Amino acid sequence: MPELPEVEVVRRGLERWVAGRTAGEVEVLHPRAVRRHLAGGVDFAARLTGARFGTAMRRGKYLWVPLDEAAAAGSLLGHLGMSGQLLVQPEGAPDEKHLRIRIRFADAVGTELRFVDQRTFGGLSLHENTPDGLPDIIAHIARDPLDPAFDDAAFHTALRLRRTTVKRALLDQSLISGVGNIYADEALWRARLHYDRPTATLTRPKSAELLGHVRDVMNAALAQGGTSFDSLYVNVNGESGYFDRSLDAYGREGEPCHRCGTPMARRPWMNRSSYYCPRCQRPPRVRP
DNA sequence: TATCCGACCTGTTGGC
DNA sequence: TGCCAACAGGTCGGAT
């Protein structure tokens, strides 16, 4: 599934292939793909048509493109969800099986923007912007740790104040954005932290170390998977090369820990799975 | 108010 | 072989 590095690759692709162009005909082929656009698909298409795209922005896994001629100070907001792709395809190319939204351009370049999404967890929508230039609906989303303006000290303070556990905190988009289940497990393994460790017990050095590992995991993925924006198409296929080569925790149940050789464990967690090393990542003595 | 957790969705996998 | 349940997981919103 697209994680933050893949979303960044898509952002760069949009910046290169879509910025400065004007939307022509817009087709909404599946209503769920515009479910966050409360006025519905017809309104979405009508308002987007004729709008000129600015430079794509990103916060966490949300992408948005400022529009200069649709609703005043508005943006086209996108989230890829579990299986979403934004593709710039030649006009007339066969439709993808899960094509949800098609945006033609009012120019003669001969390409169109497509939103393709098998599981329809993602979608596109139009929103007004806050004074900060952020789509209003994502104003509550925290900055991601690759954002130069991310405040490490404030993150640590917020962690200490929460009465929750460390993995829940990593997945809390109002604390830190862009961390999904996979990267949370990877960063916790690197930091030798058990997922159920209460955040209130984390020292400042330990939370700084954890944050550093989150950044390392993301940067490594970006370095390995962030190549496709140089091609003609904005194309995230949902499979980062990083997943195949460099995972230390996620999906490795029963395989030896890359640090100590102990078989890795998997535990059901929040309708998901947590992968960890039972030796390197000891559970907290006092359960929260 | 803060935190928790089920629902949404569909292709794949594994068990019977 | 075929059927069905389990699984994957980001986000929202209702429940606690």
Side-chain angles (χ1 to χ4, degrees), chain A residues 1-8 10-11 28-38 58-64 77-86 96-101 115-125 127 134-145 157-188 195-201 214 217-218 221 236-240 242-244 247 249-254 265-276 287-288:
Chain A
M1 76 288 330
E3 293 272 349
L4 183 143
E6 287 75 38
V7 177
E8 174 59 20
V10 173
R11 189 201 67 75
V28 176
L29 303 167
H30 194 300
R32 200 174 139 76
V34 292
R35 68 190 180 285
R36 290 191 181 89
H37 189 85
L38 300 181
R58 180 185 60 74
R59 175 169 286 196
K61 296 179 188 175
Y62 281 98
L63 286 164
W64 71 94
L77 178 70
H79 196 292
L80 300 179
M82 301 281 299
S83 53
Q85 299 171 281
L86 274 168
E96 291 75 10
K97 182 178 179 185
H98 301 292
L99 176 62
R100 308 304 190 192
I101 298 170
F115 180 70
V116 176
D117 192 6
Q118 174 201 108
R119 284 185 244 184
T120 67
F121 272 52
L124 302 180
S125 51
H127 302 280
L134 209 62
D136 54 15
I137 198 175
I138 62 164
H140 66 288
I141 302 289
R143 294 181 186 274
D144 65 67
T157 301
L159 271 188
R160 291 293 301 243
L161 290 174
R162 293 286 174 107
R163 282 194 295 274
T164 188
T165 50
V166 64
K167 186 170 174 181
R168 288 179 193 275
L170 285 178
L171 298 180
D172 185 337
Q173 301 294 299
S174 69
L175 267 181
I176 181 173
S177 67
V179 183
N181 194 46
I182 296 171
Y183 290 179
D185 279 0
E186 291 301 307
L188 289 169
Y195 56 89
D196 256 349
R197 173 81 171 263
T199 53
T201 68
V214 171
V217 167
M218 286 183 172
V236 168
N237 61 17
E239 293 179 15
S240 165
Y242 182 70
F243 292 151
D244 299 331
L247 294 181
Y250 183 83
R252 299 195 61 248
E253 181 181 19
R266 179 178 76 89
R267 292 287 179 275
W269 184 86
M270 294 273 295
N271 291 325
R272 280 153 186 70
S273 293
S274 276
Y275 296 89
Y276 67 105
R287 295 289 179 144

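Model, not experiment: these values are computed from the prediction. Throughout, a chain's letter reflects where its sequence line sits, starting with A, and its residues are numbered from 1.
Taking atom OH of residue A:Tyr275 and atom P of nucleotide C:dC7, one finds them 10 Å apart after rounding to whole Å. Note: CZ (A:Arg119) to C1' (C:dT11) measures 14 Å, nearest angstrom. Residue A:Asp144 contributes atom CG, which lies 12 Å from atom P of C:dT11 at whole-angstrom precision. Spacing between atom CZ of A:Arg163 and atom C1' of C:dT16 amounts to 14 Å, rounded to whole angstrom units. Distance, A:Leu80 CG to C:dG10 P: 12 Å, rounded to whole Å.
An OP1 or OP2 oxygen of C:dA8 is reached within less than 4.0 angstrom by a side-chain nitrogen or oxygen of A:Ser273. Between A:Asn271 and B:dC5, a side-chain N or O to OP1/OP2 separation shorter than 4.0 Å is absent. Here A:His140 does not reach the OP1 or OP2 of C:dT11: none of its side-chain N or O atoms lies under 4.0 Å away. In this structure, A:Thr164 reaches the B:dC4 phosphate: one of its side-chain N or O atoms is under 4.0 Å from OP1 or OP2. At C:dT11, one or more side-chain N or O atoms of A:His79 fall inside 4.0 Å of OP1 or OP2 (strictly under the cut-off). When the side-chain nitrogen and oxygen atoms of A:Arg168 are compared with OP1 and OP2 of B:dT3, none of them lie within a distance under 4.0 Å. Of the side-chain N and O atoms in A:Gln173, none sit less than 4.0 angstrom from OP1 or OP2 of C:dG10. The phosphate of C:dT11 (OP1 or OP2) has no side-chain N or O of A:Arg36 nearer than 4.0 angstrom. Checking the phosphate oxygens (OP1, OP2) of B:dC9, no side-chain nitrogen or oxygen of A:His98 falls inside 4.0 Å.
Side-chain contact of A:Ser273 with A:Arg266: a donor-acceptor pair under 3.5 Å is present, judged by distance alone.
A salt bridge is defined here as a Lys NZ or Arg NE, NH1 or NH2 lying under 4.0 Å from an Asp or Glu carboxylate O, and A:Asp117 with A:Arg32 fails to meet this definition. A salt bridge is absent between A:Lys61 and A:Asp144; no separation between the charged side-chain nitrogens and carboxylate oxygens falls under 4.0 Å.
Proximity of a side-chain donor or acceptor of A:Arg35 to a complementary backbone N or O of A:Ser125 within less than 3.5 Å is not detected. Formation of a donor-acceptor pair under 3.5 Å by the A:Ser274 side chain with backbone atoms of A:Arg267 is not found in this model.
Along DNA chain B, the nucleotide closest to A:Arg272 and the one closest to A:Leu161 are compared, and the more 5′ of them pairs with A:Leu161. Comparing A:Phe121 and A:Ile141 against DNA chain C, the residue whose closest nucleotide sits nearer the 5' end is A:Phe121.
Using a 4.0 Å heavy-atom criterion, one finds that A:Arg266 contacts the sugar-phosphate atoms exclusively.
The side chain of A:Arg162 has B:dT3 as its nearest neighbour among B:dT3, B:dG11, C:dC12.
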